[in-house]
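Keep in mind that what you see is a predicted model, and the values were worked out from it rather than measured.
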Amino acid sequence: MTVQKGKRMGISIQEHMAINVCPGPIRPIRQISAYFPPPPAGGGSSGGGGLLSPLSPGATGGGGTLSVMSSMDTSVEIDSCDSDDNTSLGTLEFDVLYESATSSLHCTVLKAKGLKPMDFNGLADPYVKLHLLPGACKANKLKTKIVKNTLNPVWNETLTYCGITEEDMYRKTLRVSVCDEDKLTHNEFIGESRVALRRVKPDQPKHFNVCLEHPPPVSAPSCVLVRKMDMYFLPPGGLCVGVRRCAHLAAMDVNGFSDPYVKTYLKPDVKKKSKHKTAVIKKTLNPEFNEEFFYEITFNELATKTLEVTVWDYDLGKSNDFIGGVSLGCHSQGDALQHWIDCLKNKGTKVERWHTLTNDLPGSGFQE
């Protein structure tokens with residue numbers, strides 16, 4: 001299959017406040033390898049296709065081939081972690097090797113140290129995800145096993161991408177993310193590191209010991225989407241939110257599409273009763289929802305509230321993938337803030353706006 005590149009995405013939401021939003025999550029697997037067929041003659045590779053199939057018994061998760069490298073010479077360049085604000089997220093050690101003879105890219109995830117505590121017990125249940133960028137996020141995702149209750153996990157797992165061309169090595173980036181599994185809610189992002197593959201010389205292992213970082217602002221078309229929504233306040237006490245449509249969502253499935261749906265929350269939500277959800281629209285990157293949700297609330301109470309709008313990809317039998325989200329409230333910025341203000345200023349008038357989704361899931365309050 002061919003993985004299609006993501007495009008700018010958008011969603012439309014309608015309320016007695018106008019909003020637009022655009023939004024992706026995580027699931028553990030064993031060592032896996034993804035196969036990417038060579039690009040067609042006369043054209044560049046889209047980074048895409050992938051046949052992910054288990055290599056060894058016991059592999060589970062979203063598909064993949066387990067390929068373990070028993071030994072690897074890591075006596076080459078080492079990227080040391082300098083001390084800075086990112087050290088609070090922890091450090092990660094891994095090796096990368098490109099085998100030109102087999103067109104295989106191996107990433108051996110070794111260990112992490114001093115990870116940020118994510119659970120109530122002061123520990124975490126960490127695992128590592130790999131993505132090749134640009135490309136459809138879920139179609140080329142590989143994962144390690146989960147190590148329970150530790151801030152210093154040891155994996156020693158090798159994840160392998162097959163069918164990687166020299167062109168891929170020149171233009172692609174390997175994203176290495178550390179996440180925390182949470183079976184009761186959603187998996188949480190801890191930190192990441194990105195490696196431009198052109199830094200990796202063929203047949204020469206390269207060792208990395210890096211500080212985990214927060215993800216950069218969304219700019220790549222494969223991770224951005226826009227959402228159109230409208231809002232308005234209905235005196236004497238109600239906020240109506242209309243979710244209209246999304247445009248150019250990220251392709252989260254191997255077929256090059258997603259199965260998107262939208263959720264809204266009005267936070268703080270102490271009683272956990274503010275969640276609304278649209279229907280799931282199958283196999284599309286440009287879903288039309290045209291659904292409205294009503295929140296019974298006084299006008300004065302809205303000043304303390306934040307409307308969270310998120311877009312998700314539905315997966316049967318697995319945790320759903322977060323695509324992007326937007327928050328609207330008095331503490332928002334840019335278009336989101338303006339949409340909120342316009343809604344409050346124009347009681348009883350529908351205010352519609354497009355919003356660009358971000359992938360700022362960690363710490364944002366977005367939840368599945």
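Here the NE2-NZ distance, from H331 to K305, works out to 12.5 Å after rounding to the nearest 0.5 Å. How far SG of C211 is from CG of L89: 8.5 Å, rounded to the nearest 0.5 Å. Taking CG of D182 as the start and CD of E188 as the end, the distance is 5.5 Å to the nearest 0.5 Å. Here CG of L110 is found 8.0 Å from CG of L92. Values are rounded to the nearest 0.5 Å. For the atom pair CZ of R171 and OG1 of T165, the computed distance is 7.0 Å after rounding to the nearest 0.5 Å. Here the CG atom belonging to L97 is positioned 9.5 Å from the OG1 atom belonging to T158, to the nearest 0.5 angstrom.
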Practice prompt. Could you please spell out the steps behind the side chain to side chain contact (heavy atoms under 4.5 Å, CB included) verdict for E93 and H207?
Written response: CA-CA 8 Å; E93 197 168 343; H207 183 75; 2.9 Å; yes

Item to complete: Give the C-alpha distance, both sets of side-chain angles, the deciding distance and a yes or no for side chain to side chain contact (heavy atoms under 4.5 Å, CB included) between D315 and D321.
Response: CA-CA 7 Å; D315 279 324; D321 289 314; 3.0 Å; yes

Item to complete: Report the C-alpha distance between L105 and M169 in whole Å, list the side-chain angles of each, state the deciding distance to 0.1 Å, and finish with yes or no for side chain to side chain contact (heavy atoms under 4.5 Å, CB included).
Response: CA-CA 9 Å; L105 177 66; M169 293 298 295; 4.1 Å; yes

Worksheet entry | Test log, rule side chain to side chain contact (heavy atoms under 4.5 Å, CB included), inputs F294 and L239 | CA-CA 6 Å; F294 183 78; L239 178 70; over 6 Å; no

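In this structure, W340 and L307 have side chains that are in contact, with non-hydrogen atoms separated by less than 4.5 Å. Counting heavy atoms from C-beta on, the side chains of V176 and R194 never come closer than 4.5 Å. Between L212 and T91, every side-chain heavy-atom pair lies at or beyond the 4.5 Å cut-off. Side-chain contact between T144 and L159 is present, with at least one heavy-atom pair separated by less than 4.5 Å. At a threshold of 4.5 Å between non-hydrogen side-chain atoms, the residues L328 and T306 do not count as touching. Considering only heavy atoms from C-beta on, Y295 stays 4.5 Å or farther from L302 through its side chain. At a threshold of 4.5 Å between non-hydrogen side-chain atoms, the residues S104 and T160 count as touching. With contacts defined as side-chain heavy-atom distances shorter than 4.5 Å, the pair C162/T102 does not qualify.
The two residues A279 and E291 come nearest to each other via the heavy atoms N-OE2, 2.9 Å. Taking all atoms of both residues into account, the shortest heavy-atom contact from F289 to C246 is CE1-SG, 3.8 Å. Of all non-hydrogen atoms in C179 and F189, the two that sit nearest each other are SG-CA, 4.3 Å. The heavy-atom pair separating L285 from S258 by the smallest distance is CD2-N, 3.7 Å. Here the shortest heavy-atom pairing between L115 and P126 reads CD1-CB, 3.7 Å. The minimum heavy-atom distance linking N152 with G114 is given by the pair OD1-N, 2.9 Å.
Judged purely by distance below 3.5 Å, without hydrogens or angles, the side chains of T264 and H276 never pair a donor atom with an acceptor atom. Between the side chains of Y261 and N320, a donor-acceptor pair is found at a separation under 3.5 Å. Side-chain contact, D269 with S274: a donor N or O sits under 3.5 Å from an acceptor N or O. Looking only at atom types and distance, the side chain of H214 has no donor-acceptor partner in the side chain of E192 under 3.5 Å away.
Within 6.0 Å of NZ in K283 there are 12 or fewer heavy atoms belonging to other residues, nucleotides or ligands. Atom CD of E288 has more than 12 heavy atoms from other residues, nucleotides or ligands within 6.0 Å.
Side-chain atoms of E301 come within 3.5 Å of backbone N or O of T298 as a donor-acceptor pair. Side chain of T108 to backbone of F94: no donor-acceptor contact under 3.5 angstrom is found. At least one donor-acceptor pair under 3.5 Å links the side chain of D203 to the backbone N or O of S100. Checked by atom type and distance alone, the side chain of N121 pairs as donor or acceptor with a backbone atom of L123 at under 3.5 Å. Not one N or O on the side chain of T284 forms a donor-acceptor pair closer than 3.5 Å with the backbone of K282. Looking at W155, its side chain does come within 3.5 Å of a backbone N or O of K145 through a donor-acceptor pair. Remark: the backbone N or O of N149 is paired with a side-chain donor or acceptor of D125 at under 3.5 angstrom. Looking only at distances, no side-chain donor or acceptor of D168 sits under 3.5 Å from a matching main-chain atom of I164.
A side chain to side chain contact (heavy atoms under 4.5 Å, CB included) with P287 is found for one member of L249, D259, V280 and no other, namely L249.
Both W312 and L316 belong to a common hydrophobic cluster when Ile, Leu, Val, Met, Phe, Trp and Tyr are linked at side-chain heavy-atom distances under 4.5 angstrom. Under the 4.5 Å side-chain contact rule for hydrophobic residues, Y170 and Y98 do not share a cluster.
Under a cutoff of 6.0 Å and an axis angle of 45°, K206 and F208 form a cation-pi pair.
The pair K172-E167 fails the salt-bridge criterion, with no side-chain N (NZ, NE, NH1 or NH2) lying under 4.0 Å from an Asp/Glu carboxylate O.
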